[in-house]
A.B. asks: 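Handing you a structure now.
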Amino acid sequence: MKHLNQSVSISMVYPILKTLVHKGFDPESFFKEMAIDPVVTENPDARIPVNELERIMRRAADYTDDPYFGLNQGLTLDFADLGLPGYVMMHSKTIGDALSAYQRYNDIIYSGFQLEWEIKGPDVIIQLSVQNDNMPMSRHCVEDMAVSVLHLINKLANRRAVVKEVLFCHDAPDAAGDLSPYITSFGVTPQFGAAHTRLRLSRDILTQPVLYSDARMLKVFESMAEETQADLYASHPFSSKVSGWIMESLPSFFPTLQHTAAHLGVSIRTLQSRLREEGTTFNEISVQVRKQIALRYLQRGTYSVGDIAYALHFSEQSAFQNAFKKWTGQTPGQYRASLVKTGL
């Protein structure tokens, strides 16, 4: 399992700008108010922190006075906005292949977003989860991602997929109880306050041929995506290699300083020195990795607190609970409950 510090490609800001223009707003004025240098958006290789994308999305919703901003924006996403992963999806053979490509290369776009699916009888359940340190993402971001995934599937298949069920972790928006925009986007009324954000579709959509499929172009874009992904990981500091190794090791075992130095082919002294140069320590990274994995497992809702404590190699459940409260100020149970109750 690879790991990157949570960041997003600047291309994820483009749909926001397109939505502003579509609504008749001036992007330059918006940039000025947000204290964003427009030059940043002109660099296709630029990346911004996840929190910055969240800030821009929230402010854009307020700026346009649109309580359904994320929902509406999801329909503006183009494959070009996804860069290389988008082009790989566009030339995949089937919708299932395209979703697999999205999983494989999504860290190029957004290292904190995960898409998983499972087949249950006649249905396929697509589960979406978003990592943003210890804070749930706003409903605008989550709804944008859910709608955009369905929108891309529809474009790839050249037909509208039949949506059987939509679940959101967050509460319904406080907009006079009007859920008609959701019905327009999904074809069904979503359920809010669920344990997961999910789309349930007919499983036959996975074998649907992709309209734009081109085997030759697929190889070209896959090769380019592989190179970009490799460069992305290579450009990250030594501390990211350490955290990546720890994440790869769990839950099989929790690596020691000695294990990690041997894996990276350096002496313990060299490892400590390089981490010190980057302003961190092996212990700090270990704690951060445990915290990130704990948050992810709690957000998924399918693991008990005891299971998570075991997977993270805590001596006992109470030790994990104490550590988690020290990290976040909440017990694991309180944090999980906050995910359901939060209406952001």
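Side-chain atoms are counted along with the backbone in the values below, which use heavy atoms only and exclude waters and symmetry mates.
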A.B. asks: Please tabulate, for side-chain N and O atoms in residues 117-126, each donor-acceptor pair with protein atoms closer than 3.5 Å (sequence neighbours left out).
C.D. replies:
from	atom 1	to	atom 2	distance (Å)
Asp123	OD1	Lys164	NZ	2.5
Asp123	OD2	Arg200	NH1	3.2

A.B. asks: In Å and rounded to the nearest 0.5 Å, what is the CE to OG distance from Met145 to Ser129?
C.D. replies: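 Output value for this atom pair is 10.0 Å.
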A.B. asks: Can you tell me how far apart CG (Leu53) and CZ (Arg58) are? Round to the nearest 0.5 Å.
C.D. replies: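 So the gap between those two atoms works out to 11.0 Å.
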A.B. asks: Distance check, rounded to the nearest 0.5 Å: Leu295 atom CG versus Lys291 atom NZ?
C.D. replies: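 Output value for this atom pair is 6.5 Å.
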A.B. asks: Listed by chain and number, what are the salt bridge (Lys or Arg N to Asp or Glu O under 4.0 Å) partners of Glu28, not counting sequence neighbours?
C.D. replies: none
A.B. asks: Can you see which heavy atom on Met12 is nearest to which on Val8, and at what distance?
C.D. replies: CG-CB, 4.4 Å
A.B. asks: Establish, from distance only, whether the side-chain atoms of Glu226 and Tyr105 form a donor-acceptor pair under 3.5 Å.
C.D. replies: yes
A.B. asks: Can you check whether His91 reaches Phe79 side chain to side chain, under 4.5 Å on heavy atoms?
C.D. replies: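 No; the side chains remain at least 4.5 Å from each other.
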A.B. asks: Between Thr94 and Asp97, do the side chains contain an N or O donor and an N or O acceptor separated by less than 3.5 Å?
C.D. replies: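 Yes.
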A.B. asks: Do Phe238 and Ser273 touch side chain to side chain, with heavy atoms closer than 4.5 Å?
C.D. replies: no
A.B. asks: Using 0.5 Å steps for rounding, measure from the OG atom of Ser223 to the CG atom of Leu84.
C.D. replies: 10.0 Å
A.B. asks: Answer whether the closest heavy-atom distance between the side chains of His140 and Gln73 falls below 4.5 Å.
C.D. replies: no
A.B. asks: Output yes when a side-chain donor or acceptor of Gln103 lies under 3.5 Å from a complementary backbone atom of Leu115, and no otherwise.
C.D. replies: yes
A.B. asks: Atom CG of Asn154 and atom CG of Leu150: how far apart are they, to the nearest 0.5 Å?
C.D. replies: 4.5 Å
A.B. asks: Before you tell me yes or no, could you show the steps for Ser180 and Tyr68 under side chain to side chain contact (heavy atoms under 4.5 Å, CB included), namely the whole-Å CA-CA distance, both residues' side-chain angles and the distance that decides it to 0.1 Å?
C.D. replies: CA-CA 11 Å; Ser180 60; Tyr68 307 99; over 6 Å; no
A.B. asks: Return the minimal non-hydrogen interatomic distance between Ser239 and Leu275, and the atom names on each side.
C.D. replies: CA-CD2, 3.7 Å
A.B. asks: Look at atom CG of Asp65 and say whether more than 12 heavy atoms of other residues, nucleotides or ligands are closer to it than 6.0 Å.
C.D. replies: no
A.B. asks: Does this structure show an ion pair linking Lys219 with Glu222, if we count only N-O contacts that are shorter than 4.0 Å?
C.D. replies: no
A.B. asks: With a cut-off of 6.0 Å (strictly less than), are more than 12 heavy atoms of other residues, nucleotides or ligands near CE of Met224?
C.D. replies: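 Atom CE in Met224 is not crowded, with 12 or fewer foreign heavy atoms closer than 6.0 Å.
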A.B. asks: Under a plain distance cut-off of 3.5 Å, with no hydrogens placed, do Asp204 and Ser202 share a side-chain donor-acceptor pair?
C.D. replies: yes
A.B. asks: Which heavy-atom pair separates Ser243 from Ser240 by the least distance, and what is that distance?
C.D. replies: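 Scanning both residues, the minimum pair turns out to be OG-O, 3.0 Å.
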A.B. asks: Check whether any side-chain N or O of Ser92 sits under 3.5 Å from a backbone N or O of Val88 as a donor-acceptor pair, and report yes or no.
C.D. replies: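 Yes: the side chain of Ser92 pairs with the backbone of Val88.
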A.B. asks: Run Ile56 and Glu52 through side chain to side chain contact (heavy atoms under 4.5 Å, CB included) and show every step you take.
C.D. replies: CA-CA 6 Å; Ile56 295 172; Glu52 180 67 359; 4.1 Å; yes
A.B. asks: Looking only at heavy atoms, which two atoms of Ile95 and Ala157 are closest? And how far apart?
C.D. replies: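 Shortest heavy-atom contact: CD1-N, 3.8 Å.
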A.B. asks: If two hydrophobic side chains count as joined below 4.5 Å and joins carry through other members, does Val188 share a cluster with Ile183?
C.D. replies: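 Looking at the clustering, Ile183 is in a separate group from Val188.
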A.B. asks: Does the side chain of Tyr335 come within less than 4.5 Å of Trp327's, by heavy atoms?
C.D. replies: no
A.B. asks: Between Glu54 (side chain only) and Ser138 (backbone N and O only), is there a donor and an acceptor less than 3.5 Å apart?
C.D. replies: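 Yes.
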A.B. asks: Within the side chain of Asn106, is there an N or O that forms a donor-acceptor pair under 3.5 Å with the backbone of Tyr110?
C.D. replies: yes
A.B. asks: Set out, in order, the CA-CA distance, both residues' side-chain angles and the distance that settles side chain to side chain contact (heavy atoms under 4.5 Å, CB included) for Phe320 and Tyr310, then state yes or no.
C.D. replies: CA-CA 9 Å; Phe320 167 60; Tyr310 179 79; over 6 Å; no
A.B. asks: Atom NE2 of His259 and atom OG of Ser249: how far apart are they, to the nearest 0.5 Å?
C.D. replies: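 If I round to the nearest 0.5 Å, the distance is 9.0 Å.
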A.B. asks: Can you tell if the side chain of Pro27 reaches within under 4.5 Å of the side chain of Val21, non-hydrogen atoms only?
C.D. replies: yes
A.B. asks: Go through the steps for Lys155 and Asp78 under the test salt bridge (Lys or Arg N to Asp or Glu O under 4.0 Å), then give the verdict.
C.D. replies: CA-CA 9 Å; Lys155 291 188 72 172; Asp78 292 325; 3.6 Å; yes
A.B. asks: Over all heavy atoms of both residues, which pair between Gly193 and Asp171 is shortest? Give the atoms and the distance, please.
C.D. replies: CA-OD1, 4.1 Å
A.B. asks: Determine, using the 4.5 Å side-chain heavy-atom cutoff (strictly less than), whether Met89 and Met217 are members of one ILVMFWY cluster.
C.D. replies: yes
A.B. asks: Between Lys241 (side chain only) and Leu264 (backbone N and O only), is there a donor and an acceptor less than 3.5 Å apart?
C.D. replies: no
A.B. asks: Could you check whether atom NZ of Lys325 has more than 12 heavy atoms from other residues, nucleotides or ligands sitting under 6.0 Å from it?
C.D. replies: no
A.B. asks: Find out whether Val147 and Phe186 are in side-chain contact, i.e. whether some heavy atom of one side chain is under 4.5 Å from a heavy atom of the other.
C.D. replies: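 Result yes, sub-4.5 Å side-chain heavy-atom pair found.
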A.B. asks: Is there a donor-acceptor contact under 3.5 Å linking the side chains of Gln330 and Thr328?
C.D. replies: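 Distance-only check fails for Gln330 and Thr328.
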A.B. asks: Does any part of the side chain of Ile16, heavy atoms only, come nearer than 4.5 Å to the side chain of Tyr63, both counted from C-beta?
C.D. replies: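 A side-chain contact under 4.5 Å is absent here.
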A.B. asks: In this structure, would Phe221 and Leu211 fall into the same cluster of hydrophobic residues linked by side-chain contacts under 4.5 Å?
C.D. replies: yes
A.B. asks: Would Tyr212 and Asn158 satisfy side chain to side chain contact (heavy atoms under 4.5 Å, CB included), going step by step from the backbone distance to the final call?
C.D. replies: CA-CA 9 Å; Tyr212 316 97; Asn158 197 31; 5.9 Å; no
A.B. asks: Assess the pair Phe30 and Phe25: is the distance between their ring centroids shorter than 6.0 Å?
C.D. replies: no
A.B. asks: Counting C-beta onward and ignoring hydrogens, is there a side-chain heavy-atom pair between Leu77 and Leu82 closer than 4.5 Å?
C.D. replies: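 Heavy-atom side-chain distance check passes, below 4.5 Å.
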A.B. asks: Under 6.0 Å between ring centres: does that hold for Phe324 and Phe314?
C.D. replies: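 Here the rings of Phe314 and Phe324 have centres that are no less than 6.0 Å from each other.
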A.B. asks: Give the cluster check for Ile108 versus Val220: same hydrophobic cluster or not, with ILVMFWY residues linked at side-chain heavy-atom distances below 4.5 Å.
C.D. replies: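 Same cluster.
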A.B. asks: Assess Arg290 against Phe254: is NZ or CZ under 6.0 Å from the centre of the six-membered ring, and within 45 degrees of the ring's axis?
C.D. replies: yes
A.B. asks: Would you name the heavy atoms of Leu199 and Ala146 that are closest together and state the gap between them?
C.D. replies: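 Leu199 and Ala146 have their closest heavy atoms at CD1-O, 3.8 Å.
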A.B. asks: Could you verify whether a donor N or O on one side chain and an acceptor N or O on the other, from His170 and Glu143, lie under 3.5 Å apart?
C.D. replies: yes
A.B. asks: Applying a strict under-4.5 Å side-chain criterion to I, L, V, M, F, W and Y, I'd like to know whether Ile246 and Val287 cluster together.
C.D. replies: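 Linked within one cluster.
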